[in-house]
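The structure appears below as structure tokens.
Chain letters run A, B, ... following the sequence lines, proteins first and then strands; every chain starts at 1.
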2 protein chains.
Amino acid sequence: MEQTPARLTAKPSWLLGQLAVHAHRLASDGFGGVGARGYHYRILAALDEFGVASQAELGRRCSMDRSDVVAAINELAEQGLVERTPDPDDRRRNMVTLNTAGERQLRRMDRALDKVQDDLLGPLPAEDRQTLTRLLTQLLTHHQRGEYRLPEAVPPVTSRPRRTRRHG
Amino acid sequence: MEQTPARLTAKPSWLLGQLAVHAHRLASDGFGGVGARGYHYRILAALDEFGVASQAELGRRCSMDRSDVVAAINELAEQGLVERTPDPDDRRRNMVTLNTAGERQLRRMDRALDKVQDDLLGPLPAEDRQTLTRLLTQLLTHHQRGEYRLPEAVPPVTSRPRRTRRHG
DNA sequence: TGTGTATCGTTGGCGATGCCAATGTTGGAG
DNA sequence: CTCCAACATTGGCATCGCCAACGATACACA
């Protein structure tokens with residue numbers, strides 16, 4: 001491996017990003033083996049843990065955009081892992097249900113993902129794994145403060161401006 | 001924020017991935033303010049630290065694919081931040097050079113990125129920051145073992161199979 | 001010297017994730 | 001009844017990572 005700029009290797013954001021790439025690769029390989037991807041796992045897990053839910057709820061619980069939930073549910077339903085039925089009590093909503101095949105798939109993905117954690121944490125002793133998990137949880141919690149806040153006063157005018165390419 | 005499945009929040013790979021998303025958002029915002037993106041920073045940093053290089057070298061140093069280096073250099077050159085000249089000693093190669101405008105841009109991005117680290121590490125005391133950095137570095141190093149290894153014996157037949165969508 | 005292999009830059013393409021805007025429907029508050 | 005909010009859907013885009021194929025060039029070795 002040729003040398004990587006110290007400007008990069010010294011930055012937590014770089015370490016985090018690159019390590020996340022490795023983690024994602026491991027997970028993708030595991031999921032790919034059962035014909036799924038990350039979004040599918042999130043939704044199956046949320047359904048298993050909290051039961052039937054609307055797509056909007058799933059999106060909030062899984063940190064996914066509504067439109068991405070639509071696509072993922074399409075795929076899961078196509079594979080017969082979940083069912084999407086209109087909610088009779090609120091006709092705007094769909095009720096998404098995990099079925100038996102979905103539970104089986106979830107268990108498969110669980111096993112794959114457990115192996116991923118081991119590969120990912122590789123050489124780290126148990127204590128370090130715990131420390132790392134604690135620090136990451138702490139930071140993630142910090143950065144999630146205020147997400148999905150109820151619309152209080154005026155909807156803020158400052159939406160993050162779309163980054164537009166200046167070239168190419 | 002609605003509840004996130006424990007299956008997710010308990011997994012280091014999830015924490016890592018989600019936190020990386022936040023980090024990427026912070027960095028993108030900072031870079032976007034100066035009309036750049038992550039790939040540009042990597043290349044400018046590598047050029048500043050190691051001097052003129054071929055595109056292939058840049059790719060290896062920055063963990064980027066050759067083809068992505070081409071695109072990034074196109075953009076950087078278009079903005080007048082680097083120069084791309086054929087290498088007279090090896091006509092397969094281009095020599096990529098950082099120029100003054102590029103150095104200025106790099107300094108701007110450095111400042112933006114420094115702020116990102118602070119935002120990212122948010123509430124963490126110095127000691128925890130150091131611990132986190134150490135653990136991440138350790139893991140990243142572990143997962144990079146054997147990347148870009150020289151072609152020793154037979155090139156292994158087992159390339160990671162392309163994950164192909166089974167639906168949609 | 002010639003031939004085969006490796007490297008290099010380039011083009012073109014794809015998947016995964018994270019977003020956003022617009023649209024039409026429906027619920028609910030006032 | 002009206003207006004606003006939430007919902008599902010469609011369609012689009014940016015970033016990042018990656019791969020295959022191509023033609024040009026360098027190089028090792030027979």
Side-chain angles (χ1 to χ4, degrees), chain A residues 17-18 20-25 27-29 31-32 36-42 53-60 62-75 84-96 147-148 150-151 155 159-168, chain B residues 14 17-18 20-25 27-29 31-32 36-42 53-60 62-75 84-96 148 150-151 155 159-168:
Chain A
Q18 288 307 109
V21 166
H22 285 278
H24 184 262
R25 189 157 38 211
S28 285
D29 287 353
F31 291 162
R37 57 192 178 104
Y39 277 180
H40 299 167
Y41 181 75
R42 299 191 199 182
S54 74
Q55 298 180 190
E57 279 166 344
L58 290 173
R60 287 186 294 263
C62 302
S63 299
M64 289 172 59
D65 189 86
R66 287 204 235 140
S67 60
D68 297 319
V69 175
V70 172
I73 300 287
N74 285 346
E75 294 154 4
R84 176 202 259 142
T85 50
D87 184 340
D89 295 341
D90 185 342
R91 286 167 32 212
R92 293 171 302 178
R93 303 189 180 199
N94 290 331
M95 287 171 25
V96 182
E147 299 204 349
Y148 299 112
L150 312 181
S159 83
R160 208 167 51 97
R162 198 97 180 89
R163 292 176 305 285
T164 303
R165 301 293 316 292
R166 311 234 156 126
H167 33 242
Chain B
W14 167 264
Q18 288 306 109
V21 166
H22 285 280
H24 184 263
R25 189 156 39 212
S28 284
D29 286 354
F31 291 162
R37 58 193 178 100
Y39 277 180
H40 299 166
Y41 181 75
R42 300 190 198 182
S54 73
Q55 298 178 191
E57 279 167 345
L58 290 173
R60 286 187 294 263
C62 302
S63 300
M64 290 172 59
D65 189 87
R66 291 201 237 144
S67 60
D68 297 319
V69 175
V70 172
I73 300 286
N74 284 347
E75 293 154 6
R84 176 200 261 143
T85 50
D87 183 341
D89 296 340
D90 185 342
R91 288 172 26 218
R92 292 171 303 179
R93 300 187 182 201
N94 290 332
M95 288 170 26
V96 182
Y148 299 113
L150 311 182
S159 81
R160 208 168 51 96
R162 198 95 180 88
R163 291 175 306 286
T164 303
R165 301 293 316 291
R166 310 235 156 127
H167 32 243

Provide, to the nearest angstrom, the distance between the [atom1] atom belonging to [X] and the [atom2] atom belonging to [N].
| X | N | atom1 | atom2 | answer |
| --- | --- | --- | --- | --- |
| A/Arg37 | C/dG18 | CZ | C1' | 12 Å |
| B/Arg42 | D/dC16 | CZ | C1' | 8 Å |
| B/His22 | C/dG18 | NE2 | C1' | 11 Å |
| A/Asp29 | C/dG15 | CG | C1' | 13 Å |
| A/Leu58 | D/dT9 | CG | P | 12 Å |
| A/Tyr41 | C/dT17 | OH | P | 14 Å |
| B/Met64 | D/dC16 | CE | C1' | 9 Å |

Rounded to the nearest 0.5 Å, what's the gap from [atom1] on [X] to [atom2] on [Y]? Could you check?
| X | Y | atom1 | atom2 | result |
| --- | --- | --- | --- | --- |
| B/Arg60 | B/Ser63 | CZ | OG | 11.5 Å |
| A/Tyr39 | A/Phe31 | OH | CZ | 13.0 Å |
| A/Met95 | A/Asp89 | CE | CG | 8.5 Å |

Test side-chain contact (heavy atoms from CB on, under 4.5 Å) applied to B/Asp90 - qualifying residues, sequence neighbours left out: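 Checked B/Asp90 against side-chain contact (heavy atoms from CB on, under 4.5 Å); matches are B/Asp87, B/Arg92, B/Arg93.
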Partners passing side-chain contact (heavy atoms from CB on, under 4.5 Å) against A/Arg84 (at least two apart in sequence or in another chain):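 So A/Arg84 forms a side-chain contact (heavy atoms from CB on, under 4.5 Å) with A/Gln55, A/Val70, A/Ile73, A/Asn74, A/Asn94.
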Sugar-phosphate, base or nothing in reach of A/Val69, heavy atoms under 4.0 Å: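 The answer is nothing, as A/Val69 stays clear of every strand by at least 4.0 Å.
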Sugar-phosphate only, base, or nothing, as touched by B/Gly17 at under 4.0 Å among non-hydrogen atoms: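 Touches nothing.
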Exam field: side chain B/Arg42 to backbone B/Cys62, donor-acceptor pair closer than 3.5 Å: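 Judged by distance alone, yes, a pair lies under 3.5 Å.
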Whichever of B/Asp90 and A/Cys62 has its nearest DNA chain C nucleotide further upstream toward 5':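 Checking each residue's closest nucleotide, the 5'-ward one belongs to B/Asp90.
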Scan nucleotides 9-12 of chain C against the protein and return all N/O pairs shorter than 3.5 Å with their distances rounded to 0.1 Å.
from: C/dG9; atom 1: OP1; to: B/Gln55; atom 2: N; distance (Å): 3.0
from: C/dG9; atom 1: OP1; to: B/Asn94; atom 2: N; distance (Å): 3.2
from: C/dG9; atom 1: OP2; to: B/Ala56; atom 2: N; distance (Å): 2.6
from: C/dG9; atom 1: O3'; to: B/Asn94; atom 2: ND2; distance (Å): 3.2
from: C/dG9; atom 1: N7; to: B/Arg66; atom 2: NH1; distance (Å): 2.7
from: C/dG9; atom 1: O6; to: B/Arg66; atom 2: NH1; distance (Å): 2.8
from: C/dT10; atom 1: OP1; to: B/Asn94; atom 2: ND2; distance (Å): 3.4
from: C/dT10; atom 1: OP2; to: B/Gln55; atom 2: OE1; distance (Å): 3.0
from: C/dT10; atom 1: OP2; to: B/Gln55; atom 2: NE2; distance (Å): 2.9
from: C/dT10; atom 1: OP2; to: B/Arg84; atom 2: NH2; distance (Å): 3.3
from: C/dG12; atom 1: O6; to: B/Ser67; atom 2: OG; distance (Å): 3.3

Where A/Ala20 and B/Ala20 come nearest, the two heavy atoms and their spacing: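 Reported closest heavy-atom pair: CB-CB, 3.6 Å.
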B/Gln18 side chain near C/dG18 phosphate (N/O to OP1/OP2, under 4.0 Å):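 The answer is yes; a side-chain N or O of B/Gln18 sits under 4.0 Å from OP1 or OP2.
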Nucleotide nearest A/His24 (side chain, heavy atoms from C-beta), chosen from D/dA26, C/dA16, D/dG17: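 The answer is C/dA16.
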